Protein chains: 4
Amino acid sequence: MSRLAKRRKELVVSLMKDGIYEAAVRVLMERGAEGLTMDRVAESAGVAKGSLYNYFRSKRELLQFIHEKTIEPAKDFLAEVRAASMPAAEKLQTVVRMWLEHFATNRGIFDFLFNDPRTREVMEDCKRSSRLEGIEELRSFFEQGIAEGAFRPIDTQRTAEMFLGAVILTMEQQLMLNLNRPAEESAAALLDLFLNGLRPQA
Amino acid sequence: MSRLAKRRKELVVSLMKDGIYEAAVRVLMERGAEGLTMDRVAESAGVAKGSLYNYFRSKRELLQFIHEKTIEPAKDFLAEVRAASMPAAEKLQTVVRMWLEHFATNRGIFDFLFNDPRTREVMEDCKRSSRLEGIEELRSFFEQGIAEGAFRPIDTQRTAEMFLGAVILTMEQQLMLNLNRPAEESAAALLDLFLNGLRPQA
Amino acid sequence: MSRLAKRRKELVVSLMKDGIYEAAVRVLMERGAEGLTMDRVAESAGVAKGSLYNYFRSKRELLQFIHEKTIEPAKDFLAEVRAASMPAAEKLQTVVRMWLEHFATNRGIFDFLFNDPRTREVMEDCKRSSRLEGIEELRSFFEQGIAEGAFRPIDTQRTAEMFLGAVILTMEQQLMLNLNRPAEESAAALLDLFLNGLRPQA
Amino acid sequence: MSRLAKRRKELVVSLMKDGIYEAAVRVLMERGAEGLTMDRVAESAGVAKGSLYNYFRSKRELLQFIHEKTIEPAKDFLAEVRAASMPAAEKLQTVVRMWLEHFATNRGIFDFLFNDPRTREVMEDCKRSSRLEGIEELRSFFEQGIAEGAFRPIDTQRTAEMFLGAVILTMEQQLMLNLNRPAEESAAALLDLFLNGLRPQA
DNA sequence: TATGAATGAGCGTTCATTCAT
DNA sequence: GATGAATGAACGCTCATTCAT
């Protein structure tokens with residue numbers, strides 16, 4: 001097969017995988033994680049069930065693909081921010097805003113990815129769960145902040161966990177109550193609370 | 001049927017439901033959410049599968065019951081604390097410590113209740129998810145704190161969400177990493193962060 | 001459950017298994033080994049597919065049951081003959097006649113049991129393939145014959161193999177050509193050939 | 001199309017079929033009869049799956065081809081021996097030795113050809129199964145032997161069946177027990193038994 | 001002619017639910 | 001009320017065959 005033909009084929013495969021991905025996300029939104037069956041994905045993608053298996057060896061593999069595809073942009077952005085020279089607080093704010101925006105556009109997928117037990121297995125198979133990675137990244141921000149003298153010398157592991165928890169539940173609540181809060185505003189509230197605490201300043 | 005007979009009957013029904021609940025929890029711990037089948041619940045409870053349907057109209061209803069039964073003590077305690085005359089910060093700390101302790105002793109059930117998609121559906125069917133209730137309760141603490149002048153006049157809804165998120169992820173992380181942190185310590189860290197924030201105090 | 005009820009239940013289960021066995025054999029005859037699907041067995045038995053799994057944990061287990069059920073009478077008879085005090089040649093003749101009769105009434109099942117690769121796997125799982133057992137039994141007859149001085153001191157293993165092969169192919173040929181030879185006659189021909197050989201006697 | 005072009009085309013087709021045959025046999029040895037899928041044959045042959053259908057109308061037809069191709073040398077040799085001027089007993093011995101040798105070098109193919117139910121169907125479709133042919137050939141030897149006065153006037157049909165059965169099971173046993181008996185030796189044992197029988201000679 | 005993606009019927013198996021006893 | 005066998009729709013997955021390129 002010519003080089004060109006190979007490229008074309010790769011493109012077609014990629015487009016099909018994307019199509020199946022979108023179909024899967026559609027099913028996910030409509031029927032929930034439990035309702036994500038290969039039959040429905042096939043129907044939603046407008047292909048025969050057997051065809052799914054030309055692109056993904058198993059449901060598991062499809063799940064992994066969904067996970068990676070969804071998480072990828074967020075991960076890339078995180079790495080970018082980490083590398084940037086910026087005060088820790090600003091990094092936190094930037095990342096949180098991005099997450100909230102990304103979440104706003106992807107809605108329920110995140111819920112599924114972070115919480116569905118089956119997906120979690122898959123994640124662990126990947127050996128680096130997204131959540132763990134996220135916490136790791138956040139820790140680095142807190143460590144930077146402490147080094148800069150901008151943050152108190154708190155337990156960075158715990159703090160990262162609490163922070164991520166706050167972000168996730170903010171997202172989920174938005175989903176559950178069907179709200180449409182501006183990401184900007186939510187990010188600001190989060191930062192204000194974590195930076196300054198509840199106590200009135202002296 | 002006499003009034004007495006009715007009472008007796010109610011009691012028997014209640015005992016059966018409790019027995020089934022315990023069996024279900026046992027199955028849950030041993031086989032995970034995926035493995036919670038009516039067959040296994042029946043076997044573990046020592047009754048016939050069909051009998052389950054005399055006490056719960058469907059698996060869904062059994063799930064709801066498990067959820068309520070598990071969450072109940074936490075809810076009761078929350079109401080108690082709410083009614084107590086105590087500063088808001090102390091109330092927060094008390095509740096968090098209790099939750100973490102309750103979680104530590106119930107481990108996997110919580111994971112299932114908070115995260116399994118099937119359960120989540122059920123929760124939404126209840127129309128008042130535990131999470132929403134929890135947030136409501138927390139809001140009341142924050143409102144009290146603001147009224148007392150102990151807290152800044154922040155957005156109580158958002159703050160409650162972030163706080164609960166921080167608590168939940170703290171729990172889940174403990175589960176995922178198989179840690180055994182003392183509830184006392186975790187509660188203290190949480191409170192310190194939320195009260196005083198990250199910034200060094202002037 | 002009372003002793004009586006238990007007995008009754010066992011009887012019912014046994015009847016169901018027999019019914020499924022018969023249905024499976026029917027399917028086997030009509031559609032061949034390849035066509036033996038759980039769907040068809042269920043349909044032929046007049047039960048739902050799922051019901052099969054109340055009596056057999058898997059298709060494999062059903063296959064084993066068919067195998068055992070079919071082979072059992074032949075095995076029992078073999079043991080009986082072995083234990084009897086009878087010259088070796090007569091034992092051989094008796095067994096062959098029985099096999100051929102049993103075969104005549106069970107027709108194609110034997111074919112399936114002796115030859116289908118899937119069944120053979122199952123047999124090996126049983127750890128004692130019928131064929132191997134059959135050869136073992138025959139060997140004992142040849143050894144007896146040699147000890148009695150009735151047979152030449154030939155290699156009993158090889159002889160048993162050849163003898164069983166001759167019996168099996170005689171059966172199969174009957175099936176393939178749809179013949180209806182009397183078992184008696186076939187047994188006599190077999191014995192005559194194996195005892196006296198092809199060469200004219202001096 | 002010119003006569004020459006036609007010849008060339010036929011040659012190419014023939015080569016392709018041979019290539020596919022070899023690939024199929026390879027798959028057969030590696031994955032067993034159950035694992036003989038068109039996909040794997042295509043991959044092993046280094047052609048596209050669809051191309052198989054340019055040379056064989058169906059899997060069934062491919063199976064037939066494998067069968068014929070494998071049996072062909074044995075058949076040719078049989079015809080040769082038949083035509084030779086040789087005593088019947090010697091012919092038998094020659095043929096048996098050849099079969100056992102051919103079998104030893106082709107091992108699992110034979111198992112598949114003689115025993116796999118799918119193949120068996122195909123054989124019956126051919127309307128003249130190899131087995132029937134083999135029996136026919138053997139009969140001719142026995143008839144010759146009787147005519148020569150070397151054999152008793154036994155029933156040649158039955159004798160041919162028993163003889164073939166003895167040969168086949170000898171082969172299969174070798175396969176099942178993973179033995180490596182010399183063909184020469186097995187052939188000798190077979191002939192000795194069939195010629196002289198079990199009884200001690202006077 | 002060669003290709004290989006698309007197809008869809010079919011597979012063995014599971015399990016919430018029903019219902020005759 | 002208790003039982004547990006019967007049910008059948010649904011599941012993830014396979015693979016011989018077709019057909020547009």
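The model shown is predicted, which means the values in this text are computed figures rather than measured ones. Letters A, B, ... mirror the listed sequences (proteins, then strands); counts begin at 1.
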Inset, instruction - Compare side-chain N and O positions of B:N54 against OP1 and OP2 of F:dA2 and report whether any pair is under 4.0 Å apart. - result: yes

Legend entry - Sugar-phosphate, base or nothing in reach of A:F56, heavy atoms under 4.0 Å: nothing

Legend entry - Side-chain N or O of A:R40 closer than 4.0 Å to phosphate OP1/OP2 of F:dC11: yes

Legend entry - Under-4.0 Å side-chain N/O to phosphate OP1/OP2 contact, A:S51 with E:dA5: no

Inset, instruction - On DNA chain E, check which nucleotide each of C:D39 and A:V47 is closest to and give me the residue with the more 5' one. - result: A:V47

Legend entry - Sub-4.5 Å side-chain heavy-atom contact between B:V47 and B:M16: yes

Inset, instruction - Please indicate whether D:R31 has more than 12 foreign heavy atoms, meaning atoms of other residues, nucleotides or ligands, lying under 6.0 Å from its CZ. - result: no

Inset, instruction - Among F:dA16, F:dA6, E:dA6, find the nucleotide with the atom closest to the side chain of D:Y53. - result: F:dA16

Legend entry - Other residues, nucleotides, ligands: >12 heavy atoms within 6.0 Å of C:R26 CZ: yes

Legend entry - Nucleotide of E:dG12, E:dT7, E:dA16 approaching B:K59 most closely (side-chain heavy atoms): E:dA16

Legend entry - Check: B:L36 main-chain N/O paired with B:K59 side-chain donor or acceptor under 3.5 Å: yes

Legend entry - Residue-phosphate contact under 4.0 Å: D:T37 side-chain N/O, F:dC15 OP1/OP2: no

Inset, instruction - Using only heavy-atom distances, decide whether a donor-acceptor pair under 3.5 angstrom links the side-chain of B:K49 to the base of F:dT3. - result: no

Legend entry - Any B:Y55 side-chain N or O less than 4.0 Å from OP1/OP2 of F:dA2: yes

